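Below, each value reflects all heavy atoms present in this structure, side chains not excepted, and no hydrogens, waters or symmetry copies. Not measured: the values here are computed from a predicted model.
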Amino acid sequence: MKRLPITRFGWLCAVLYTSSLLFLLFQGGKTSLMLFVMLNVLALYLLLGRWSGIGSVRGTRKLEESHAGALSFTAGNRLRVKLQIDIPGFWPLPYVIVRERLARASGGECQEYELSFVPDYKRRGTIRYETAPLRRGRYRYQPTLCSTRDIFGLFEHKGSFDNGLDIKVAPRTIAIREWRTMRRSRTGVSQQRVASLWARETTQIDGVREYIHGDRMSRIHWNATARTGQWKSKEYEREALPRFVIVLDAQASSYRTAEGFELAISAAASLLDFALRKGMPVGFVIAGATSRWYGVERHPVNRQDILEQLIDLEAEDGGSLGDTVFETLNRFGTGTHIVVVSPRKDEPLARALEALGASRQAPSQVLVAERNPGPDEAKKAQQWQRLFRANGWELISLSRLEDLPGALEVGTA
């Protein structure tokens, strides 16, 4: 039979109780009797503390009003949480220590919070607290640990309850009002040239536009021309081809810091929202160890599906960004405006971009700039800018997400 271990404190209590009993038996008198009674009352109080009810503690966790009913947030936000705790039983409790743990599904990160409250006469309590800013990812609350001690602080009694709550934290995005390159492509001759590359016309008339020099006679809208006294041309509906494709670099070798990877994801998500808000046919590519494709073969892009992927996305080992860009050319066809979001400035990517230019496609790159670059990095960045300037491509250097709208509106080449 296995014997239970007895701690030093247990031996000390046994010695004190035995000494008090022997003092009463051999010495007698009121003093010894009072000491023995007090020791028994204290022992009874400590013993009954094991049935204080903390072992059957119950609780519910709710988000404050501003987050009520929402389980999806944006990175950088804080959660305001309300805990309501109920402890069954009747034994008095001086205070309760509550330990909360919010664990991230990937990366092994965990936020821990230690709080306390004094139960009311119904043995209930309410705690409100605010979490630290949350990173992108999925989070879940672990079982909440509750503990209390007697008024002398001698023994600790514990309990727990599990009121799990799953939380999704989407990447940060920023509103983009306009993109200079896209605005140019929607006006004048440039619109005709780019639109003809992006999507083929159907035979369904979609409206009337201004006459552009070079329009065929069959395109002239004679009724509108006679009514307005100005030359008007027919505008035909176009097939919904993915004309705006975002390629997100998700390779671990491309990024030196986790902040750079988060910036790339946020920039790609912001561009996606911009394209969908403008009603543009869009495609999305995640270039990692295995590439994921959205919007291929004229399938519509579901923003929520892509966001679900971005929430869980981690930098991956393996793969080649240049090969993915080449494959993008084959999958989405000619005439697509491809935007690469990556900090890479190497030869394979340069060859892939040159292949896009040779196929009459308009490549751009959102260059995620690492902080405190070394001398070699600065020199390589200058060479990369000269390459884009020589080919007439657009290069946007980005070190903060807040700079993205301004950089797109000004435009760079």
Side-chain angles (χ1 to χ4, degrees), residues 176 178-199 241-249 251 254 260 263-264 267-268 270-272 274-275 278 280-285 287 291 295 320-370 373 377-399 403-413:
I176 300 173
E178 189 57 86
W179 189 351
R180 181 184 174 187
T181 300
M182 295 301 171
R183 186 170 65 247
R184 283 202 310 258
S185 68
R186 291 196 298 268
T187 59
V189 179
S190 177
Q191 190 272 343
Q192 284 295 97
R193 177 177 57 82
V194 177
S196 63
L197 291 175
W198 277 347
L241 292 175
R243 60 183 184 183
F244 183 74
V245 180
I246 303 164
V247 181
L248 172 61
D249 184 3
Q251 297 172 11
S254 300
L263 177 59
S270 300
L271 291 173
L272 175 65
F274 167 76
K278 293 293 185 180
M280 301 167 59
V282 62
F284 199 91
V285 182
S291 298
S320 171
L321 178 61
D323 292 344
T324 302
V325 173
F326 272 121
E327 192 172 353
T328 302
L329 172 64
N330 297 328
R331 285 179 179 254
F332 289 96
T334 59
T336 303
H337 190 110
I338 296 179
V339 183
V340 180
V341 182
S342 170
R344 278 194 178 272
K345 305 179 288 291
D346 55 12
E347 185 63 27
L349 179 58
R351 290 197 300 268
L353 294 176
E354 289 172 353
L356 293 180
S359 300
R360 296 194 304 166
Q361 295 188 260
S364 300
Q365 183 180 2
V366 175
L367 183 65
V368 179
E370 301 282 358
E377 287 294 326
K379 183 178 180 181
K380 188 180 296 185
Q382 293 177 357
Q383 295 175 349
W384 198 249
Q385 289 176 356
R386 286 196 293 269
L387 172 66
F388 272 70
R389 193 177 297 111
N391 289 277
W393 304 332
E394 185 178 31
L395 179 66
I396 299 169
S397 182
L398 187 66
S399 58
D403 298 336
L404 181 60
L408 293 177
E409 291 175 13
V410 172
T412 57

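Residues H337 and S364 approach most closely at NE2-OG, 3.1 Å, considering heavy atoms. Heavy-atom minimum distance, V340 versus L321: CG1-CD2, 4.2 Å. The two residues A264 and L248 make their nearest non-hydrogen contact at O-CD1, 3.7 Å. Considering every non-hydrogen atom in both S254 and P343, the closest pair reads O-CG, 3.0 Å. Taking every heavy atom of both residues into account, T328 and V245 meet most closely at CG2-CG1, 3.9 Å. Of all heavy-atom pairs spanning D249 and S342, the tightest one is OD2-OG, 2.7 Å.
The structure places CH2 of W384 at 6.0 Å from CG of L387, a figure rounded to the nearest 0.5 Å. To the nearest 0.5 Å, atom CG of residue L356 and atom CG of residue N391 are 11.0 Å apart. To the nearest 0.5 angstrom, W179 atom CH2 is 4.5 Å from F244 atom CZ. How far CG of L353 is from CG of L329: 11.0 Å, rounded to the nearest 0.5 Å. With rounding to the nearest 0.5 angstrom, the CZ atom of R351 is 9.0 Å from the CG atom of D323.
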Query raised in the report: Should E178 and K278 be marked as a side chain to side chain contact (heavy atoms under 4.5 Å, CB included) after you check the CA-CA gap, both sets of side-chain angles, and the distance that decides it?
Result: CA-CA 9 Å; E178 189 57 86; K278 293 293 185 180; 3.9 Å; yes
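Between Q365 and L349 there is a side-chain heavy-atom pair separated by less than 4.5 Å. Using a 4.5 Å heavy-atom threshold, the side chains of F388 and L367 count as separate. Residues F332 and I338 have side chains not in contact (no heavy-atom distance under 4.5 Å, counting atoms from C-beta outward). Counting only heavy atoms from C-beta outward, the side chains of L271 and L408 approach each other to under 4.5 Å.
Between the side chains of S291 and T324, at least one donor N or O sits under 3.5 Å from an acceptor N or O.
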